[in-house]
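What follows is a single structure, written as C-alpha cells, with notes after it.
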Amino acid sequence: MFAYFIPVLFLVVLIYSVIKKVKPYDAFTLGAKKAVPFAVSIFPCLVSIFVLTELFEISGLSDAFTTALSPVFSFLGIPDELTKLVLIKPFSGSGSLALLSEIFTTYGVDSYLARCACVIYGSSETVFYIAAVYFAGNKKRNLTVPIIISLIASFFSCVFACFICKIM
Amino acid sequence: MNVIFGAVVIISVAVLIIKNPENVLSAMLSGGEKALTLSLKLVFIYAVWMGIFELLENTGLSKKIAKLLRPANRLLFGELPEKANDFISLNVSANILGISGATTPMGIKAIAELDKHKKTDYAVTMFFVINATSVQIIPSSVLALRSQMNSANPSDIILPTILATLLSTIIGILLVKIFVKKK
C-alpha cells in the first residue's frame with residue numbers, strides 16, 4: 001500500500017505538469033541544480049554537529065551520562081538498557097539507528113526492549129541536528145527555548161513509549 | 001547551540017587529554033568525514049526532491065496544498081506571510097508522509113522566509129518544535145530494519161509510535177503556546 005504512494009505522487013505531478021504546459025525537464029533540472037549550493041550551505045553545520053557527537057561518544061562522556069541518569073530514567077519507567085538511546089537520539093540520527101539495530105541483535109527483535117526502542121526512535125527527531133541545519137542561515141535567533149521545549153516533549157514521549165509498549 | 005557546543009567539546013577534550021590524547025584529532029576528523037558522507041548523500045536526495053518541488057511550484061500545485069492547509073496553519077502559527085505559508089505547508093505534508101529528504105529543504109526555506117519579516121519568533125519556535133518532535137505517520141526506517149531482522153510482525157509498532165509521536169508533538173505545541181508570547 002505505502003509502496004505505491006510516492007510513485008503515484010510523482011506520476012500525478014508529472015501528468016499535471018504536462019497538462020499545465022510546464023516543461024518537466026527544465027523545471028526538474030532547475031530544482032535539482034538548487035540542491036548543490038543548498039547541501040554546501042549546511043555542510044559546515046553538519047561538521048560541527050558530527051564533531052560534537054564523536055567527541056561526546058569517544059571521551060566516554062556519553063557513557064558517564066548514561067550511568068548517571070539510569071536511576072532517574074528507570075524511576076520513570078525507562079529500562080537501563082534504553083537510557084543510552086534516549087540520550088543519543090537528540091544528537092545523532094545515524095548513531096541512534098546503529099544503537100537500535102544493536103538492541104535488536106542483543107535482545108531479540110520482538111522483545112519488549114526492542115519494540116520499546118523502536119517507539120522511542122520513531123517518536124522524535126534529531127533535535128540538535130534540526131536546530132543546526134534549519135538555522136544555518138541565521139545566527140541571530142536564540143534557540144534555547146525551542147530546543148528545551150523540544151527536548152522536554154521528546155522525553156515525555158520516551159516515557160510514554162515505555163509505558164504503552166507494556167500494554168500494546 | 002554555542003553553549004552546548006562549547007561545553008561538550010571543552011569537557012570531552014579535557015577528559016580525552018587525561019585519558020588518551022591521541023584520540024582527539026582522530027575523533028574530530030572522523031566527525032568531519034561522517035558529515036561529508038552525509039552531505040554527499042543529501043546532495044542527491046535533495047536534488048531529486050527539489051526537482052519535484054520545482055514542478056510542484058511551477059504547476060501551482062504547491063499553492064493548492066498551501067491553501068488546503070492554511071486554516072490549520074493559522075491555528076498553529078498565527079497569521080503567516082503567504083510564501084512562508086507555502087513552504088510550511090509543504091514541509092508539514094512531507095513530515096507527515098515521512099519523506100525526510102523533502103522536509104529539510106522546505107523547512108530551511110520556510111525559516112528563511114519568516115526571517116524576512118518581523119515578529120515571527122512565535123511562528124518560528126512553533127515550526128521548529130513541530131519539526132523536532134516529528135509528526136511522521138509511518139516509521140519507515142524502523143519498519144525496514146525490523147523486517148530485515150526477521151521480526152514476526154514488523155508493523156506492530158506502528159500504532160504505539162503514532163501515539164507516542166502525537167503525544168510529543170501535542171506536548172511541544174502546548175509548551176510553545178504557554179511559554180512563548182505571540183507578539
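On a predicted model such as this, the values are computed, not experimentally measured, just so you know. Values below: every heavy atom of this structure, side chains too, minus hydrogens, waters and symmetry copies. Chain letters run A, B, ... following the sequence lines, proteins first, then strands; residues in each count from 1.
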Check each atom of [X] against the heavy atoms of chain A and say whether the ones under 4.5 Å are side chain, backbone, both or neither.
X: B:Asn153; answer: backbone
X: B:Ala112; answer: neither
X: B:Ile111; answer: side chain
X: B:Val129; answer: both
X: B:Val135; answer: neither
X: B:Ile162; answer: neither

Point to revise | Nearest-0.5 Å distance, CG of residue B:Leu56 to OG of residue B:Ser62 | key: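 Taking CG in B:Leu56 and OG in B:Ser62, the distance rounds to 6.0 Å.
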Review point. ring-ring contact (aromatic ring centres under 6.0 Å, His included) between A:Phe135 and B:Phe128: does it pass, once the steps are laid out?
Key: CA-CA 10 Å; A:Phe135 295 97; B:Phe128 172 77; 5.7 Å; yes
Which bit of [X] is near chain B, if near means a heavy-atom gap under 4.5 Å: side chain, backbone, both or neither?
X: A:Ile120; result: neither
X: A:Tyr121; result: side chain
X: A:Ile130; result: both
X: A:Ile49; result: side chain
X: A:Phe43; result: both

Using a cut-off of under 4.5 Å for heavy-atom pairs, which of [options] has the most such pairs with chain A?
options: B:Ile173, B:Asn23, B:Leu36; value: B:Leu36
options: B:Trp49, B:Phe127, B:Phe179, B:Phe53; value: B:Trp49
options: B:Leu42, B:Leu145, B:Thr125; value: B:Leu145
options: B:Val3, B:Ile171, B:Thr59, B:Ile18; value: B:Thr59

Check your understanding: If you measure only the distance, is there a donor-acceptor pair under 3.5 Å linking the side chains of B:Thr103 and B:Asn95?
Key -> no
Point to revise | Modelled atom types, side-chain donor and acceptor of B:Ser30 and A:Glu54, under 3.5 Å | key: yes
Salt-bridge present ([X], [Y]; N to O < 4.0 Å):
X: A:Glu102; Y: A:Lys84; value: no
X: B:Arg146; Y: B:Asp156; value: yes
X: B:Glu54; Y: A:Lys34; value: yes

Review point. So A:Tyr129 and A:Phe91, ring-ring contact (aromatic ring centres under 6.0 Å, His included) or not? Walk me through it.
Key: CA-CA 6 Å; A:Tyr129 169 82; A:Phe91 289 99; over 10 Å; no
Point to revise | Whether over 12 other heavy atoms sit under 6.0 Å from B:Lys19 NZ | key: yes
